[in-house]
Amino acid sequence: MSNLDTPENAMWRAKARKVADEVLRPLAKKYDELQEYPWEIRDALAEAGLMGAWISPDYGGKAGDTPVLDLCIIVEEIAKADPAIGVLFAVNALGSFPIIVGGTEEQKKRFLPPIARGEKLCAFCLSEKTAGSDAQGLKVRAIAKGEDTWTIHGEKKWTTNGGAADFYTVFAVTDPTSRSRRISAFIVEKDMPGFSIGKVEDKMGIRAVPVVETVFDGVEVRKSHLLGGRAGHGFKHAMATLDRARPGVAAQGMGCAQGALDLATVYSQKRIQFGKPISSFQMVQQMLANMATKTEAARQLVYSCARKIDAGLPNTTKVAAMAKLFATDVAMEVTTDAVQIFGGYGFMRDYPIEKFMRDAKITQIYEGTNQVQRIVVARGILKEADALSHLEEFVPSEEQMIYEED
Ligand SMILES: Cc1cc2nc3c(=O)[nH]c(=O)nc-3n(C[C@H](O)[C@H](O)[C@H](O)COP(=O)(O)OP(=O)(O)OC[C@H]3O[C@@H](n4cnc5c(N)ncnc54)[C@H](O)[C@@H]3O)c2cc1C
C-alpha cells in the first residue's frame, strides 16, 4: 500500500523495485550460499542511482525533501526481494550518518561524495566483544599523540560491511576519566597502516553482507579524521546516528515481512489439500490476515517515524525505537508464519521462504536489541509523564495507598 507516496517517494520506490525484481531476487540464493560480498549487486544499486538517496546534493547526493522516508522506501523494496541486500544497502547510511550528523564541513565534502556515487562503501564500528547493549562500556582506546594526532588500539566486533568498506566510523575511548566526554569518533580509511580485518563471521542469515572483527593496531589518525574536529562527542554522535538509522532497520524488517507474506499468498493459492487450495481454509486465511495486518501496521509506524525525522521534529528517539522494535518483531512473526503456510516445502533450502525467516532474526538483535528498544521507549514515556499531571486526580492518591498504621 503505497498510494500516499509523493512523486519523489514514488520515484525511489520504482527504481528500487526494478533493481530488486530484475537483479536482486534472481541472485539471492547465490550469495546466501557463497557468503561473499556481491559486487555485481553493489554495481547494480549504484547504477540505479540509489546510493546517494540519503545524502544532500550539497555533498554529491540526491536526497530530496524526505531523505529518511526515501531511504526506508528503498530498503523496504530491496528487502522484499532479498532482506540481506536491505542491510547491505542500509549499512552505508549507518556508516555515513555520523559524518552527516557530526562531521565538519571539510569531512562532509571529502567523504560523502564518493559514498553518494557508490564508489566507496562504509561501515559503523561501535560494538566490541564486551560492549554490545552497554555501548558506554567500550574498551578500544584512541591515545592522543601531541595536539592533533591519535593512535587507535583494540578490536571491534561485528562490523557489517567490514572488508568491503573503504571508510569505517570508529568509536573509541579518548578520556577514560570522563563520564560524559569519554568517547570520540574517528573516520578510519581501509588502507591506513595498522588497520586490518580479523575473524570473518559465518552467519545464520544476511549472508550476502560480510560481518567481521576489525583490528586497530596503533592506527594513526589526524584531526582531519576526528569526527567534528572535537574529542569527547562520540557517544552523542553514535546515539544521533542510531536515531536516524533505526527506521532503516525497521524498514528492512517490514520489507522482509512483506516479501514473505507475498510468497505465502501466492503459494497458498497453488497448494491443494483435501481437494482445495489451502487459501480456502479459514485457519490459513486467519494467518494471512494477521500477517498482512501486522505488516501494514509496521509500515505505517516506519513511515510516520521517518516523516517525523524528515520534518526535523525534536525527540524522535522514542518513535525510532518503537518502529525498530515493532517492525522487526513483526518480521520474525510473519516470516515464521509464512514458513508454516509453506508446510514441509517451507523448511527446505530449495525455496527462498526459509531464508526470509533466517534473515529476519538479526533485525531483532542489531542496532540495539528489541529489549534495549523497549528500555528506550519506556524511558521516553516516563520522561514525558509531566504532561499527564492533569490526570493525577483520577488515580489513587499517595495518601490512599498508605497503610493506616504507617
Ligand atoms: C550480524 C550482526 C551484525 C552487526 N553489525 C554491527 C555493526 O555494523 N556495527 C556495530 O557496531 N555493531 C554491530 N552488531 C552488534 C549488535 O548491535 C549487537 O550484537 C547488539 O547491540 C547486542 O549486543 P550483544 O550481542 O553484545 O548482546 P548483549 O548486550 O550481551 O545482550 C544479550 C542479551 O541480553 C539482553 N540485554 C542486555 N542488556 C539488557 C538490559 N539492560 N535489559 C534487558 N535485556 C538486556 C539483550 O537484549 C540480549 O537479549 C552486529 C551484530 C550482529 C550479530
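Note that ligands are numbered from 1 as they come in the structure, with each ligand's atoms numbered from 1 the same way.
Closest to atom 28 (P) of ligand 1, if we only count protein heavy atoms, is S133 OG, 3.7 Å. Given atom 6 (C) of ligand 1, the protein heavy atom at minimum distance is W158 O, 2.7 Å. The protein non-hydrogen atom at the shortest distance from atom 17 (O) of ligand 1 is E367 N, 3.5 Å. Considering only non-hydrogen protein atoms, atom 8 (O) of ligand 1 sits nearest to T160 N, 3.0 Å. Closest to atom 24 (P) of ligand 1 among all protein heavy atoms lies G132 CA, 3.9 Å.
Not a single heavy atom of V372 lies less than 4.0 angstrom from ligand 1.
For T369, a nitrogen or oxygen atom sits less than 3.5 Å from a nitrogen or oxygen atom of ligand 1, counting backbone and side chain alike. The shortest N or O to N or O distance between I362 and ligand 1 is not under 3.5 Å. Residue K157 places no N or O, backbone or side chain, under 3.5 Å from any N or O of ligand 1. Geometrically, ligand 1 and Q371 share a nitrogen or oxygen pair separated by less than 3.5 Å.
Protein heavy atoms are absent from the 4.0 Å sphere centred on atom 30 (O) of ligand 1. Less than 4.0 angstrom separates atom 51 (C) of ligand 1 from at least one non-hydrogen atom of the protein. Within a 4.0 Å radius of atom 35 (C) of ligand 1, the protein contributes no heavy atom. Distance screen at 4.0 Å: atom 19 (O) of ligand 1 has a protein heavy-atom neighbour inside the cut-off.
Those atoms of ligand 1 with a heavy atom of S127 less than 4.0 angstrom away are 10 (C), 11 (O), 12 (N), 13 (C), 14 (N), 15 (C), 16 (C), 17 (O). For ligand 1, the atoms lying closer than 4.0 Å to a non-hydrogen atom of F124 are 7 (C), 8 (O), 9 (N), 10 (C), 11 (O).
Note that the CD1 atom of I187 and the CE atom of M192 stand 9.0 Å from one another [nearest 0.5 Å]. To the nearest 0.5 Å, atom CE of residue M291 and atom CE of residue M287 are 6.5 Å apart. In this structure, OG1 in T66 is found 4.5 Å from CG in N9, a value given to the nearest 0.5 Å.
Note on R110 versus E106: no salt bridge recorded, every NZ/NE/NH1/NH2 to OD/OE distance being 4.0 Å or above. Using a 4.0 Å cut-off between a side-chain N of Lys or Arg and a carboxylate O of Asp or Glu, R207 and D359 do not qualify as a salt bridge. Ionic pairing of E201 and K157 is present here: one or more N-O contacts between side-chain nitrogen and carboxylate oxygen are shorter than 4.0 angstrom. Contact check on K294 versus E333 returns a salt bridge, with a Lys/Arg side-chain nitrogen under 4.0 Å from an Asp/Glu carboxylate oxygen. Between E105 and K109 there is a salt bridge, with a side-chain nitrogen of the basic residue lying less than 4.0 Å from a carboxylate oxygen of the acidic one. Between R13 and E76 a salt bridge is recorded (basic side-chain N to carboxylate O distance below 4.0 Å).
In I375, the part holding a heavy atom less than 4.0 Å from any atom of ligand 1 is the side chain.
Between the side chains of N370 and D329, a donor-acceptor pair is found at a separation under 3.5 Å. Side-chain atoms of S184 and W150 include no donor-acceptor pair closer than 3.5 Å.
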